[in-house]
Number of protein chains: 2
Amino acid sequence: MSLPHALLGLLAVQPRSGYELTKVFEQDLGRYAWQAGHTSIYPELNRMAEKGLVEVTSEGARGSRTYAVTDEGRAELRTWLLSPPSQGKVRNEQVLRMFMLSALEPADALVVLRRIEETTDRTAAELRRVREAEPDALTGPEGFGQLAAEYGLRQYEAVRDWAAWAIERLEREA
Amino acid sequence: MSLPHALLGLLAVQPRSGYELTKVFEQDLGRYAWQAGHTSIYPELNRMAEKGLVEVTSEGARGSRTYAVTDEGRAELRTWLLSPPSQGKVRNEQVLRMFMLSALEPADALVVLRRIEETTDRTAAELRRVREAEPDALTGPEGFGQLAAEYGLRQYEAVRDWAAWAIERLEREA
DNA sequence: GCGGGCATGTAACTAGTTACATGATTTT
DNA sequence: AAAATCATGTAACTAGTTACATGCCCGC
């Protein structure tokens with residue numbers, strides 16, 4: 001159950017409404033770390049408010065409610081981040097696909113690998129472009145920190161390089 | 001619902017029993033790609049057998065049943081791997097933790113980052129050692145292919161390098 | 001013959017998704 | 001005035017986990 005911690009982390013950076021949190025999951029977080037739709041987020045915020053981890057700090061137009069972390073919530077987040085990671089849950093469909101490649105004929109595997117190399121290269125290039133153009137776009141209240149942005153970028157590059165390595169290897173064998 | 005595809009992929013490499021599949025998830029797959037316990041795997045194998053994607057090829061001691069993919073199962077696996085990846089589900093607690101670091105005080109974040117750097121470095125070193133010592137240990141029927149092994153190794157190294165970068169960055173700021 | 005690992009399963013629960021639903025405000 | 005988007009929610013379903021349960025075989 002990592003969703004509440006994800007929400008605590010986002011709200012610790014800046015208070016937001018459930019709707020805004022949903023968009024963060026759609027755009028950034030959901031791509032790398034954790035997915036959640038608004039139908040999970042709204043009930044979870046209510047539960048967390050009951051427990052005193054977050055609180056509504058203001059209500060806006062269209063019934064929107066802005067949440068912020070309480071001291072108790074911040075303490076819980078800190079405990080979670082500083083406590084030993086144990087063996088966290090992992091579930092990543094893209095990675096699963098890569099692991100299954102060895103079950104394909106080399107010709108088929110090459111098709112998939114070339115696609116992976118191309119798309120990850122394109123994404124990495126775009127992330128790099130955004131970072132260069134507006135170094136603060138991913139920082140501060142809007143984004144989720146430069147640490148995370150850099151992590152995402154390196155992730156894509158690592159996958160791209162791996163795919164290139166795998167292609168070369170398969171082609172040599174063929 | 002990627003579990004059936006994971007099972008198809010593993011069985012496509014080599015027929016195995018549910019028990020053996022469970023161990024693969026515990027050791028290798030679960031660390032990087034997809035987690036599943038035996039209580040998910042057994043019922044899923046039965047469902048897949050009903051659908052004709054897999055079949056029991058032999059029964060051994062203690063009621064063990066060895067499954068193999070059918071032609072239909074192999075076709076389904078191929079379709080899945082070659083079809084556009086859309087936006088696969090991602091849920092990775094470790095990565096979530098990294099994304100949440102910017103919500104911590106720099107001093108706390110440094111503690112976590114140093115731990116990440118140390119543990120990923122140790123794991124990467126060990127993976128590299130295993131690969132050097134027995135290049136075939138991770139290949140063939142036992143493991144899940146050198147492609148996947150290399151992917152795992154690069155993954156750990158990428159995280160380690162990112163953590164080192166982040167530490168240096170935070171220390172410069174402080 | 002007994003202890004530990006092999007091997008499979010079921011039931012109750014938890015987390016998250018999909019589909020459905022509603023209404024308010026802003027934009028065109 | 002209509003369309004788009006903001007903003008929240010509920011209900012039914014699906015996937016996976018935790019806890020519980022059972023029996024068999026091999027090595028000692």
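Residue numbering restarts at 1 for every chain, and letters A, B, ... go by the order of the sequence lines.
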Is a salt bridge present between Arg122(A) and Glu118(A), judged by a nitrogen-to-oxygen distance below 4.0 Å?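 Salt bridge between Arg122(A) and Glu118(A), a charged N being under 4.0 Å from a carboxylate O: yes.
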Rounded to the nearest Å, what distance is computed from the [atom1] atom of residue [X] to the [atom2] atom of nucleotide [N]?
X	N	atom1	atom2	value
Phe25(B)	dG16(D)	CZ	P	9 Å
Glu26(B)	dT18(D)	CD	P	12 Å
Leu21(B)	dT8(C)	CG	P	9 Å
Glu93(A)	dG16(D)	CD	P	11 Å
Leu96(B)	dA15(C)	CG	P	15 Å
Lys89(A)	dT17(D)	NZ	C1'	10 Å
Trp34(B)	dG16(D)	CH2	P	6 Å

Using a cut-off of strictly less than 4.0 Å, decide whether [X] has a side-chain nitrogen or oxygen near OP1 or OP2 of [N].
X	N	value
Arg65(B)	dG9(C)	yes
Asn46(B)	dT8(C)	no
Arg47(B)	dT14(D)	no
Tyr19(A)	dT8(D)	no

Do Val90(A) and Leu127(B) sit in one hydrophobic cluster, given that two such residues count as connected whenever their side-chain heavy atoms are within less than 4.5 Å of each other, even indirectly? no
Do Tyr19(B) and Leu3(B) sit in the same hydrophobic cluster, where Ile, Leu, Val, Met, Phe, Trp and Tyr count as joined when their side-chain heavy atoms come under 4.5 Å apart? no
Quick check on contacts: within residues 35-45 of chain A, what sits under 4.0 Å from DNA chain D by heavy-atom distance? His38(A), Thr39(A), Tyr42(A)
Just checking Arg154(A): does its CZ atom have more than 12 heavy atoms from other residues, nucleotides or ligands closer to it than 6.0 angstrom? yes
Could you walk me through whether Asn92(A) and Arg91(B) pass the side chain to side chain contact (heavy atoms under 4.5 Å, CB included) check? CA-CA 6 Å; Asn92(A) 189 321; Arg91(B) 203 157 274 153; over 6 Å; no
Going through the checks in order, is the side-chain hydrogen bond (donor to acceptor under 3.5 Å, both in side chains) test met by His5(B) and Glu93(A)? CA-CA 10 Å; His5(B) 292 118; Glu93(A) 192 179 320; over 6 Å; no
I'd like to know whether the aromatic ring centres of Tyr151(A) and Tyr32(A) sit less than 6.0 Å apart in this structure. no
How many angstroms lie between atom NZ of Lys89(B) and atom CG of Leu96(A), to the nearest 0.5 angstrom?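 Those atoms lie 9.5 Å apart.
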Sidechain-backbone polar pair: Thr120(A) side chain, Val159(A) backbone, donor-acceptor under 3.5 Å: no
Do nucleotides 22-28 of chain C as a string where each nucleotide becomes B, S or -: B if the base has a protein heavy atom under 4.0 Å, S if just the sugar-phosphate does, - if no protein is that close. --BBS--
When Pro4(A) and Glu20(B) are each assigned the nearest nucleotide of DNA chain C, the 5'-most assignment goes to Glu20(B)
